[in-house]
Structure formats: C-alpha cells, structure tokens
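As structure tokens, the structure follows; a few thoughts come after it.
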Amino acid sequence: MNESSREAYNAARIKALESLLIEKGIITSETVDQVIDFFEKDMGPFNGAKIVAKAWVDPDFKQRLLEDTPSAIAQMNLPRGMAGAEGEHMKAVENTPDVHNLIVCTLCSCYPWPVLGLPPYWFKDPTFRARAIREPRKVLKEFGLDIPETTEVRVWDTSAQIRWFVIPERPAGTEGWTEEQLATVVTPEAMQGAAKVQVPTSI
Amino acid sequence: MKLQHYLGGLEGLGRINFEKRVFVQPWEKRIFGIHVAMMALSQHLETAKVTPTKFKSVWTWANLRKLAEGMNPFDYFKYRYYEKWLGGISSFFIESGYVSTIELDAKTEIFLEKSNTSLPHNSKPEIDAQVIEYLRVGDSPKCNADIKPKFSVGDIVTIKNPLPTEHCKLPGYLRNKKGVVDVVYEGVYNYPLQTGDGVGDPMPIYSIKFDSHEIWGNLTEPKTWIYADIYEAYIENPI
C-alpha cells in the first residue's frame, strides 16, 4: 500500500469502527468529539505552562510543587480533574544550572495528561525511547540543547505509576514579566526536559 | 526475550523524528477517543457498571500494552503509534464478539468509497457524562493495605530477571543491574491485571537510581544517572 492509500484505509477503518460502536450502543455519536474537546479545552500543556509560570514567580509555591506536586497543583485555579486520568500520581522535578532532567517512557508513552495533555510524536518515537536512556546528552544536542559537562543529567524512566514533568529554567530576559506572560513561552518539550524555554526576539 | 521490553538502549537507530504534533492524521484523534471511552466504560469501575453502555469488558492500559507486546516485534516498528492502537483495538472488538470482521470490512468499504458518509446517530448523555467524569476523577492504582516496604532509602538492590510474560512492567535494560533506593513511595499500588511475573497485587513502588556508566558500560557521557520507578516484585537484595 502506498502512503496515501494507507492513510485513506486507516481513516475509513476507524470511521467504520466508530460507526459500529455507535450503532451497537457502546458509545454515542458525541463521545469521541467530547474526548477530543476535553483535551483541547480543559487538559493540555496550557495547564502545565501556568503551573511553571507560578513556580517561577513564587518560590514557596515551587517548593511545595517539588515536595507534594498534587497538593500544590490542587491549590491553583485550574479545571476540575488535575488529579484525573494519567494525573493520579504526578511528580515535578526542577532543571537548574547544576541538574538537567529528561523524561522518557522506554516501555510505552506514559505522560501527565492533566498538566501536559497528550504526548507528542517525538515522545512516542521508539528511537527517542531507545536512545534517550542511553545517550541523553547526544539526544539533547540533536534537539538543540548543549548540556555542559559540569551539569548532571538525570533521565527519568516512567516505568510504574508516577507521571513526571519538568520545571524548566526561567529564561533570561523575562525579568518583570507577569505569570500570564511567562506562561505563553513554556512548551511541552521544555516541560519534559527536551528543550529550553526560549524568549521570542519580537517581544 | 521480547524486543518490546528491551527498547531502552537499543543502538544503531539514527536520528529522532522531533515531531511536536500529537496527531499527524485527523483519524488518529478518533482512535484515541475510542480508547479513552473504553477505559472510562471499563467494567472494573463502579460508575461504569451503572452506565447504560453495551460495553461489558474490562479495558485498561494493561490490555492495550498486552496487545502491543504481543505483536511481532518487527511489525511493531512498521506501524505508527496510533496505527498500532487501531489494529489492536479493532482486533479486541472482533475477538470479544462486539463486531464481526465481515461487518467491519463492509463498513470500511463504504467509507473508502464515500469518505463523507456521516456517522450514525445515537444519543445517550449518561455514557458521555461517564467518559468525561472518568477523565476528571481518574482511576488511581493506590490502595489501602497494611504492607510494609521491604527496602529503605539508601539500600543497594539488585533488579530481578524474571521470565518474559505477555505484559511486563520492567524495562529490560535494568535486569540483573544494581541500583540504590532513592525514594520509597508512600502507600501501595495494585495493577489492573496479574502480569505473571509478580506485579498485580498491592505492593510498594520505589524510585531506584542507577549509574548510567554501570548500565551501559560503553557510555562516554559524564555525570549521567537513570531513575526508574520499580515495583517491589522486581527487586531483591544484592546477590
């Protein structure tokens, strides 16, 4: 099968499956749309970005976030369900000039849904999963991050029930920014340790 | 051994596709949504038992993983992430008798010929409410049981090397390796199914710290550590 007929087949196959599940009363015509909507509006990386921004401006909050991630998040005004599916047991780790953390799930694709939404393709890529655990510095270099030899690298393999995310380093040039402004520059990649937070030059 | 359990550390793979999208084809969202609905309607959940759905099975991550780990390992790398889900979930519905191969193939033909054919209409707000409520409440594996952890922070431990099973929670590269207990997580955790290699019943979980140089031998990267979350069943005192 060539690429376009492979995708056309997949698209028809999934529509056939969804259609039969609706006909048979397993799900409704709205179920799948509602799930997609939930991850577009309620649970996504925009929540994580707000958490990180707050941690950057409020050292006490950051301390609580590192010590007891769920209870610190619960104090924020975020949508109901921050300890919901794939967020039941979350933990945050902090990147500093001395320690760089990178998250990987070598067995599958475990990811903290409520704070980060769904995992991007690079995180699910078998090549990333294979290499990040063996040669994280080389992988990070390919992603554009040069980690100095003096900085310790910690790779977290999500192999049980904890879902990890990273508080990235606050970038220079953001002094005096509000939490709202800071949240706009935090990316899912930075919150898994695969990128640094960049400040757009146009700001 | 099963290749799917030994992905971590595999060499000779080349560059990573740094694709930042979650879905690269619109249809991928649909299979994701179906999987979430199945988890939300799984009959091990009390709230799902009283939801008016015709879904009468247990469906968790463990079931999806079992299918992924049961694949021919070379096929595993031929398909994109959500293609594996589509294949696995379709076979589950066929094998469990919810749909037949004939009707699924026939419907696929219809949608291949006329891709704008609309989906059937069936409304049952209780089903949709349960799906969203599941997403907000979750399904925590943490349970109340009076079980004391066997290991303490600072203990040097060895990771066991159990026989491969249908589904395994132990990354292959850690087998027979020594590490140090970094954190003993509070409480005990069960797993949705018995993996056959010790995981299933409530037990403690540990964060174990490993020196990358000891794991990989040939590592040229300085100051690199691996932290893995390991079920107690996979840990023993050093041999």
Side-chain angles (χ1 to χ4, degrees), chain A residues 7-8 10-20 22-32 34-36 38 80-81 83-85 87-88 106-108 118 120-122 124-131 133-137 139 142-143 149 152-157 159-162 189, chain B residues 7-10 13 15-22 24-25 27 29-31 33-34 36-37 53-55 65 77 81 86 90 98-99 103-104 107-108 111-112 119-124 127-128 131-132 135-138 140-141 169 171 189 205 216 221-229 231:
Chain A
E7 295 308 339
N10 286 335
R13 191 76 173 170
I14 183 63
K15 210 166 171 187
L17 182 66
E18 185 179 352
S19 170
L20 286 168
I22 294 168
E23 275 172 26
K24 290 171 191 290
I26 289 169
I27 58 173
T28 77
S29 350
E30 282 81 44
T31 308
V32 171
Q34 283 205 13
V35 171
I36 295 166
F38 181 80
R80 181 171 74 86
E88 294 96 340
T106 64
L107 287 171
C108 37
L118 305 171
Y121 254 98
W122 65 266
K124 303 176 289 207
D125 181 358
T127 305
F128 171 74
R129 289 155 53 203
R131 291 186 53 206
I133 202 77
R134 179 189 281 269
E135 44 182 15
R137 288 172 192 269
V139 164
E142 284 179 21
F143 287 178
E149 292 206 343
E152 189 181 312
V153 171
R154 297 180 184 169
V155 188
W156 299 82
D157 192 347
S159 36
Q161 301 298 355
I162 309 292
E189 282 67 38
Chain B
L7 201 55
L10 212 59
L13 291 170
R15 285 183 80 88
I16 296 153
N17 178 10
F18 203 24
E19 169 60 68
K20 298 185 181 75
R21 284 176 295 170
V22 172
V24 294
Q25 289 286 332
W27 67 262
K29 292 183 177 182
R30 314 304 297 180
I31 190 65
I34 289 173
V36 165
T53 171
K54 293 285 191 293
F55 191 62
R65 287 297 307 154
F77 297 99
Y81 185 78
L86 176 56
S90 305
Y98 290 102
V99 300
E103 57 185 345
L104 187 58
K107 274 260 195 272
T108 307
F111 289 119
L112 264 178
L119 288 168
H121 186 77
N122 184 0
S123 168
K124 220 163 225 158
I127 294 182
D128 299 333
V131 172
I132 297 303
L135 283 169
R136 292 200 194 277
V137 173
S140 173
K169 291 297 294 171
Y189 300 79
I205 297 177
W216 306 118
E221 304 198 353
K223 291 176 82 173
T224 305
W225 303 89
I226 291 170
Y227 290 79
D229 294 329
Y231 288 87

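By convention in this document, chain letters (A, B, ...) are assigned in the order of the sequence lines, proteins followed by strands, and residues within each chain are numbered from 1.
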Compare all side-chain heavy atoms of B:Leu119 with those of A:Ser29 and state whether any distance is below 4.5 angstrom.
no

Contact leader toward chain A among B:Val99, B:Leu13, B:Val22, where contacts are heavy-atom pairs under 4.5 Å:
B:Val22

Before you tell me yes or no, could you show the steps for A:Ile133 and B:Trp216 under side chain to side chain contact (heavy atoms under 4.5 Å, CB included), namely the whole-Å CA-CA distance, both residues' side-chain angles and the distance that decides it to 0.1 Å?
CA-CA 10 Å; A:Ile133 202 77; B:Trp216 306 118; 3.7 Å; yes

For B:Phe18 and A:Phe143, take the angle between the two ring planes, folded into 0 to 90°, and tell me which bin it lands in: parallel under 30, tilted 30 to 60, perpendicular over 60.
parallel

Hey, does B:Asn17 have a side-chain heavy atom less than 4.5 Å from the side chain of A:Thr127?
no

Under the criterion side chain to side chain contact (heavy atoms under 4.5 Å, CB included), I'd like the reasoning laid out for A:Glu149 against B:Lys223: C-alpha separation, chi angles, the key distance, then a yes or no.
CA-CA 7 Å; A:Glu149 292 206 343; B:Lys223 291 176 82 173; over 6 Å; no

Is there a side-chain contact between B:Glu103 and A:Lys24 (heavy atoms, below 4.5 Å)?
yes

For chain B, which of A:Glu135, A:Arg154, A:Arg13 has the most heavy-atom pairs under 4.5 Å?
A:Arg13

Scanning both residues in full, the closest heavy-atom pair of B:Lys107 with A:Ala16 reads CB-CB, 3.5 Å

From B:Ile16 CD1 over to A:Arg131 CZ, what is the distance, rounded to the nearest 0.5 angstrom?
4.5 Å

Hey, mind stepping through A:Phe38 and B:Arg136 against side chain to side chain contact (heavy atoms under 4.5 Å, CB included) and telling me if it holds?
CA-CA 10 Å; A:Phe38 181 80; B:Arg136 292 200 194 277; 3.7 Å; yes

Do the rings of A:Tyr121 and B:Tyr81 sit parallel, tilted or perpendicular, given the 30° and 60° boundaries?
perpendicular

Tell me, side chain or backbone of A:Phe128 under 4.5 Å from chain B's heavy atoms, or both, or neither?
both

So what's closer than 4.5 Å to chain B heavy atoms on A:Asn10: side chain, backbone, both or neither?
both

Closest contact, heavy atoms only, B:Trp27 versus A:Glu7
NE1-OE1, 2.9 Å

Give the intermediate values and the outcome of side chain to side chain contact (heavy atoms under 4.5 Å, CB included) for residues B:His121 and A:Glu30.
CA-CA 9 Å; B:His121 186 77; A:Glu30 282 81 44; 3.9 Å; yes

For chain A, which of B:Arg21, B:Gln25, B:Arg30, B:Glu19 has the most heavy-atom pairs under 4.5 Å?
B:Arg30

By a 4.5 Å heavy-atom criterion (distance strictly below it), what part of A:Ala8 contacts chain B: side chain, backbone, both, or neither?
both

Could you tell me which of A:Asp157, A:Val139, A:Thr106 has the largest number of non-hydrogen atom pairs under 4.5 Å with chain B?
A:Asp157

Heavy-atom pairs under 4.5 Å with chain A are the metric here; pick the option from B:Ser90, B:Ala37, B:Pro141 that has the most.
B:Pro141

Quick one: are A:Glu18 and B:Ile34 in side-chain contact, heavy atoms under 4.5 Å?
yes

Sorted by chain and residue number, the side chain to side chain contact (heavy atoms under 4.5 Å, CB included) partners of B:Lys54 (sequence neighbours excluded) come out as A:Ile26

Segment of A:Glu189 engaging chain B (4.5 angstrom heavy-atom cut-off)
side chain

Between B:Ser123 and A:Thr28, is there a side-chain heavy-atom distance shorter than 4.5 Å?
no

Among B:Leu10, B:Val24, B:Leu104, residue most engaged with chain A (heavy-atom pairs, under 4.5 Å)
B:Leu104

Under 4.5 Å from any heavy atom of chain A, what part of B:Arg65 do you find: side chain, backbone, both or neither?
side chain

What distance do A:Gln161 atom CD and B:Lys169 atom NZ have between them, rounded to the nearest 0.5 Å?
6.5 Å

How many angstroms lie between CH2 in B:Trp225 and CD in A:Glu152, if you round to the nearest 0.5 Å?
7.0 Å

Among the listed options A:Pro136, A:Ala83, A:Ser19, A:Gly87, the residue most often paired with chain B at heavy-atom distances under 4.5 Å:
A:Ser19

Quick one: closest heavy-atom pair of A:Gly25 and B:Ile127, and the distance?
O-CD1, 3.9 Å

At their closest point, which heavy atom of A:Thr31 faces which heavy atom of B:Val131, and how far apart are they?
CG2-CG2, 3.9 Å

One should read off an interatomic distance between A:Ile14 CD1 and B:Ile31 CD1, to the nearest 0.5 angstrom, of 3.5 Å

Side chain, backbone, both or neither: which part of A:Leu17 has an atom under 4.5 Å from a heavy atom of chain B?
both

Distance, nearest 0.5 Å, that separates CD of B:Glu221 from CZ of A:Arg134:
10.5 Å

Which of B:Thr53, B:Val36, B:Asn122 touches chain A most, by non-hydrogen pairs under 4.5 Å:
B:Asn122

Name all residues meeting the side chain to side chain contact (heavy atoms under 4.5 Å, CB included) criterion together with A:Pro126; count only those two or more places apart in sequence or in a different chain, and write none if there are none.
A:Arg129, B:Leu7, B:Phe77

Looking at every heavy atom in both A:Ile36 and B:Lys29, which two are closest together, and how far apart are they?
CD1-CB, 3.6 Å

B:Asp229 and A:Ser159 side chains, donor-acceptor separation under 3.5 Å
no

What residue in A:Glu142, A:Arg80, A:Glu23 has the most heavy-atom pairs under 4.5 Å with chain B?
A:Arg80

Heavy-atom closest contact (A:Ala160 atom, B:Ile205 atom, distance)
CB-CG2, 3.8 Å

